[in-house]
Amino acid sequence: MPLNYSKWDQLELSDDSDIEGHPNVDKRSLIRWKQRDIHEKRETRKLKISALGAEIACNGVLSPRLHNVRATLGSADGGLKYFQQLVEKLQTQPSPEAPPTNAKDQPTYDAMLLSLLLQVWDGAKSLPADEREAAVLSGLDKHIKQLADHTKKLEKDLVDEENEQKKHITSEDIHEGFESKYTPAKPPPPPVKNAKIDAPTKTTTTKTTEFEVLNPAASSSKAPSQSVAPKNSPDSVEEDEVEELPELTPSLERFSRLSLWDYTQSFNFIQANRDVVVPGASDALLVAAFRAESKGQFEYAEKCVHQSLLLQYCEKLGKDGVRLFFQKQLMMITGDQRAVSVFVKDVEGTYSHLKTRAKVAETETSDVQREQIQLVPENPSATISFNVPDGPPPEDLRLEGPGTEDLDVEQVREALQMRWDVFESFPEDLRAALKLGTLDEVNKVLGNMDVSVAEDVVGKLEMASIMSFVSGGVRDETGNVDEEEDEDNAE
């Protein structure tokens with residue numbers, strides 16, 4: 001089989017093999033000049049190719065616009081009036097869109113189109129009025145043809161330059177074919193937050209030395225030992241400590257939303273998301289199922305149970321459990337009815353048990369007495385009374401009796417109005433209980449309120465002086481009298 005060496009003909013070498021020396025010029029200078037000439041021609045060719053491509057792209061934008069102007073001028077709605085409006089618009093409201101070049105004075109597309117239209121108008125304005133429109137149309141046709149011919153010439157030049165460039169192999173044409181590198185395996189994803197991970201059990205061996213004695217009974221009599229749990233042992237942990245439950249990761253959240261009994265979809269998701277098969281994932285899904293069942297999201301709860309058992313089956317089958325579960329052991333994807341029925345029965349039984357547990361937990365939660373606010377006097381001999389206002393203060397308010405000489409009528413009116421406004425702001429059942437004046441009725445209403453609302457009500461009762469504490473019984477002040485007599489004797 002003959003070998004093809006034609007590709008080596010495209011190499012462009014700059015060594016001394018094809019350089020004819022001169023007696024007055026050293027050979028190294030001739031080699032450097034040859035190298036510089038090759039690089040300069042190469043850069044010139046690249047710049048020319050780039051310029052030709054940019055000009056062809058610019059003509060590709062201008063040509064459709066010229067055809068559009070020509071078609072509108074030749075229609076019934078066109079004419080010189082449209083031509084003049086277009087020129088005026090291009091002069092007053094030009095678009096900033098321009099060819100993507102780095103030139104400082106690069107004209108925009110509208111500026112190029114305006115320049116061409118003005119050239120056409122300069123050739124037609126000296127003619128009579130009835131001949132101008134035909135002259136404008138003729139001028140546009142001429143420029144459209146010239147632009148098309150020029151674009152074809154540019155495209156031919158571009159093809160020639162690209163072919164010339166491909167004749168020579170340069171360093172830019174060198175590409176890496178293939179390579180062999182070691183890519184370390186990705187680290188395993190972390191387990192689910194708050195997941196229970198069983199620590200590996202370690203077996204330790206210890207050497208003991210036994211001595212044979214004459215009286216084993218005497219040597220074995222020792223004081224009874226007392227076992228004390230270490231400070232950080234599980235026995236010393238308080239029972240009231242609440243254990244944190246595993247939580248769903250974003251990937252597990254999406255995994256739990258997949259359709260029931262769609263094993264292909266679950267298998268593809270596990271292959272695309274490695275962090276689904278991690279320690280604690282099945283427990284987190286069961287916790288999410290229990291919470292969803294408690295909130296009434298029954299369909300989502302069953303999906304979580306389905307995905308949790310799916311992960312449990314894969315985990316029990318070993319390191320390659322995912323592939324075994326879906327393809328070999330249970331053949332879920334192929335639809336083996338024996339394998340599918342076993343899994344479906346397990347899912348339905350687990351979900352039924354979870355529903356029962358959720359109902360029991362809801363019943364236990366409803367039976368727990370919720371927190372209440374109740375009014376209870378601190379001293380058994382004291383009583384709590386309620387002074388309910390009869391209504392707003394009268395317009396003709398008079399202050400009578402001793403001690404009212406220094407009181408301001410308006411301030412008293414504001415205080416009485418505030419008490420009445422506070423009383424009217426209470427719910428109707430609370431106002432009725434306050435009018436009865438019994439502590440039991442008021443506590444009954446406060447017990448049905450939320451804690452925050454009841455606390456606000458109690459604060460308003462005290463602020464408006466509707467609630468008051470009255471001490472009853474005989475007050476023992478014997479100690480105070482004895483102390484006063486001792487102080488008098490000391491003086």
Side-chain angles (χ1 to χ4, degrees), residues 186 188-198 241-368:
K186 294 182 179 180
V192 175
K193 185 179 179 182
N194 302 328
K196 290 184 178 180
I197 302 177
D198 297 333
E241 184 178 355
V242 180
E243 183 180 3
E244 295 183 355
L245 299 176
E247 300 177 0
L248 289 179
T249 61
S251 297
L252 283 176
E253 172 68 23
R254 299 195 304 272
F255 183 66
S256 64
R257 303 286 180 181
L258 299 182
S259 303
L260 284 172
W261 323 120
D262 193 346
Y263 306 106
T264 304
Q265 187 180 14
S266 298
F267 181 61
N268 294 334
F269 189 90
I270 292 175
Q271 286 183 321
N273 300 271
R274 294 180 58 201
D275 54 344
V276 172
V277 186
V278 292
S282 59
D283 295 338
L285 287 169
L286 285 179
V287 172
F290 186 83
R291 291 173 177 171
E293 185 69 24
S294 302
K295 295 179 181 179
Q297 302 173 359
F298 308 121
E299 183 178 357
Y300 177 62
E302 188 175 3
K303 288 182 180 180
C304 291
V305 172
H306 176 274
Q307 302 301 77
S308 175
L309 289 180
L310 190 146
L311 294 180
Q312 289 183 24
Y313 274 62
C314 294
E315 184 179 358
K316 291 178 181 179
L317 290 175
K319 185 177 181 180
D320 198 18
V322 175
R323 185 179 62 84
L324 291 175
F325 177 78
F326 285 100
Q327 294 181 353
K328 286 190 175 181
Q329 182 71 13
L330 294 179
M331 294 180 290
M332 289 297 186
I333 296 179
T334 57
D336 189 353
Q337 295 301 324
R338 294 173 299 175
V340 172
S341 61
V342 172
F343 182 72
V344 170
K345 184 177 180 181
D346 196 0
V347 171
E348 292 177 350
T350 305
Y351 178 60
S352 177
H353 178 69
L354 184 136
K355 289 179 64 176
T356 305
R357 290 301 308 157
K359 290 181 181 179
V360 172
E362 184 179 1
T363 304
E364 292 176 354
T365 304
S366 61
D367 293 341
V368 177

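Nothing here was measured: the structure is a model prediction, and the numbers come from that model. Reckoned from all heavy atoms, side chains included, excluding hydrogens, waters and symmetry mates.
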In terms of heavy-atom contacts, does CD of E315 have more than 12 from other residues, nucleotides or ligands at under 6.0 Å?
no
Under 4.5 Å between any side-chain heavy atoms of V277 and C314, yes or no?
no
Nearest 0.5 Å, what's the CZ-CD distance between R291 and E293?
14.5 Å
Hits for ring pair (Phe, Tyr, Trp, His ring centres under 6.0 Å) against F269, two or more places apart or cross-chain, chain-then-number order -> F255
Working for side-chain contact (heavy atoms from CB on, under 4.5 Å), residues N268 and T264
CA-CA 6 Å; N268 294 334; T264 304; 3.7 Å; yes
Do Y351 and H306 touch side chain to side chain, with heavy atoms closer than 4.5 Å?
no
Going through the checks in order, is the side-chain contact (heavy atoms from CB on, under 4.5 Å) test met by L286 and Q312?
CA-CA 11 Å; L286 285 179; Q312 289 183 24; 3.8 Å; yes
As an exercise, state the distance from CD1 of I270 to CZ of R323, rounded to the nearest 0.5 Å.
14.0 Å
What pairs with D275 under side chain to side chain donor-acceptor pair (under 3.5 Å), at least two apart in sequence or on another chain?
S251
Say you draw a straight line from CD of E348 to CZ of F343; how long is it, rounded to the nearest 0.5 Å?
11.0 Å
Do V305 and L285 have side chains that approach each other closer than 4.5 Å (heavy atoms only, starting at C-beta)?
no
Taking only residues two or more places apart in sequence, or in another chain, which ones meet E253 in a side-chain contact (heavy atoms from CB on, under 4.5 Å)?
L248, S256, R257, Y300
Does CZ in R357 sit with more than 12 non-hydrogen atoms of other residues, nucleotides or ligands closer than 6.0 Å?
no
